[in-house]
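Data first, discussion second: the structure below is written as structure tokens.
So that the names make sense, note that chain A is the first sequence line, chain B the second, and so on, each numbered from 1. This is a predicted model, so every value here is computed, not measured. FYI, side chains are in, hydrogens and waters are out, and symmetry mates aren't considered; it's all heavy atoms of this structure.
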Protein chains: 2
Amino acid sequence: MATEPVPLDRRQRRRLETIEEVLDVAIEVMAEQGVAGLSVGEVARRMGIRPPSLYVYFPSKHALYDALFERGARLLVTQVRTKTADLASRDASMEEILLDAARVFVRWTIEHPAYSQLLFWRPVPGFEPSPSAYAPATELVTLSSERFAAMRDRGLLRTDVSLDVVQRDWTVLIAGVVSQQLANAPDEDFERGRFVAALPAMVAMFARYYGAGPTSVPRRRATRERSRRSDR
Amino acid sequence: MATEPVPLDRRQRRRLETIEEVLDVAIEVMAEQGVAGLSVGEVARRMGIRPPSLYVYFPSKHALYDALFERGARLLVTQVRTKTADLASRDASMEEILLDAARVFVRWTIEHPAYSQLLFWRPVPGFEPSPSAYAPATELVTLSSERFAAMRDRGLLRTDVSLDVVQRDWTVLIAGVVSQQLANAPDEDFERGRFVAALPAMVAMFARYYGAGPTSVPRRRATRERSRRSDR
DNA sequence: GTCTATATGACGATAGAC
DNA sequence: GTCTATCGTCATATAGAC
């Protein structure tokens, strides 16, 4: 008798589809106009609807940014989970594991510059992601930290440095490559990127510095800071 | 007899002072509202004048950004020239020289986040610095390259890698520290910055990798890229 | 050089009819 | 859920009097 057994779900699904479309178009606009150049009116225009209609799905522009932030982080997490090779099973070197992970990560950021700017820079004055939107971004750090913990368990990592420090320095390295590429040569793709090309060397110096074993760390010298008069 | 021997210069000087004030206030606004949040009206408001008056000094908002870009680069160049210790005279190590230079550079960026975002990121959709505004920024690269060239001459640098590559990787490293600090912990100053604290280690791994001598590069292994199925 | 006045338009967001 | 209409605000930029 009921021709539509779940009419509510149908409507909800339609709603979700529209939301996805809004996000797709928003990313498109951001890629062209810059992250801060996103405008509700422009999104509506491209979707063929009027600006007020968007407010049915997003109560404010900030909410739109928030959803974009969360979706970006989710997409990147998925990419890292999916595309990173499971090198733990084989006896891969630290350098192999890290270069693989770095390539997957950096590739995504270069192919999704709009998301990356939103995720890794601070281009929107008033905007800070909500805790729920930030959650998947935290997962990225967790993933990376677990990888380092696993490497330490396998004896690939120096044991005289905390995992937090290793993790921090690793993010600095990756952020440097991404930042330089997106800021100075945003039109180059992953294969041609001049700063992406620095990845192997960066990973090599990192692995040589933080890797365990006598060959990788020949002379363990303290790297504490010195006070120097010249630096103000 | 002539009480004002150079009245034209006086007027010109007054004009230059006003321009300087505009730039000061503009930086102030950018620091609070974000680089993209700069508005001509807000600058005028804080100066106690009307927006049209600003157009006497800057024909457009882009021209204002351009002047800010140039001034930022000039300030940074001056800082690097002035504050960097002349370690070439003494027989300083590569690590000492680089850590000193890095600290001077990074300190300035942390203490001038608005300039830094304008200089090193791309926060303003339509804006690209004019060639003349870009000139002092180029000088920064030249300065750094000359430093590496000097180190090579003194036998501190590996000779099997081009200076361009060394220079590129160095910028990646510094950009990583600055980018992470400004994006993730913009409220921390230079001394307390958690990513600034990564500098000694980053410099150490760089020096160990690119420094000359048998102790710094124990096992010269090729770091060519491998094609791997997992990376898309 | 500074002002008033204004052109011109975009923006985010809301009210209320359908 | 979508629309028209509109509010209120802000923006960049220009014209022309003083």
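Ring orientation note: the planes of W121(B) and W121(A) are close to parallel, at an angle under 30° on the 30°/60° scale. Taking the six-membered ring where tryptophan is involved, the planes of Y65(A) and H62(A) are perpendicular, since the angle between them exceeds 60° and thus also 30°. The aromatic rings of Y134(B) and F69(B) lie parallel to each other, their planes meeting at an angle below 30°, with 60° marking the opposite boundary.
Under 4.0 angstrom from either OP1 or OP2 of dC3(D) there lies at least one side-chain N or O belonging to S53(A). At the phosphate of dT2(C), OP1 or OP2 sits under 4.0 Å from a side-chain N or O atom of Y57(B). The side chain of R45(A) places no N or O atom within less than 4.0 Å of a non-bridging phosphate oxygen (OP1 or OP2) of dA10(C).
A straight line from OH of Y55(B) to P of dC3(C) spans 15 Å, rounded to a whole angstrom. Distance, F58(A) CZ to dA13(C) P: 13 Å, rounded to whole Å. With rounding to whole Å, R15(B) atom CZ is found 13 Å from dT2(C) atom C1'. Atom-to-atom, NZ of K61(A) to C1' of dC10(D) comes out at 13 Å; the value is rounded to the nearest Å. The OH-P distance, from Y65(A) to dC11(C), rounds to 12 Å in whole Å. The distance from atom CD of E42(A) to atom P of dG9(C) is 17 Å, rounded to the nearest whole Å. Going from atom CG of L64(A) over to atom P of dG12(C) covers 10 Å, rounded to whole Å. The nearest whole Å value for the distance from the CD atom in E21(A) to the C1' atom in dG1(D) is 14 Å.
Residue R74(B) holds its CZ atom at 11.5 Å from CG of L140(B), rounded to the nearest 0.5 Å.
Counting non-hydrogen atoms under 4.0 angstrom, V40(B) reaches the backbone sugars and phosphates but no base. Contact annotation for S60(B): backbone-only contact, meaning every heavy-atom pair under 4.0 Å involves sugar-phosphate atoms and none involves a base. Counting any heavy atom pair closer than 4.0 Å across all strands shown, P52(B) reaches a base atom. Residue contacts for R14(B): at a heavy-atom cut-off of 4.0 Å it reaches no nucleic acid atom on any strand shown. Looking at heavy-atom distances under 4.0 Å, L54(B) makes no contact with the nucleic acid at all.
Which of dC3(D), dT12(D), dG1(D) sits closest to the side chain of V56(A) comes down to dG1(D).
Checking Q33(A) against E42(A) by side-chain atom types alone, no donor-acceptor pair falls below 3.5 Å.
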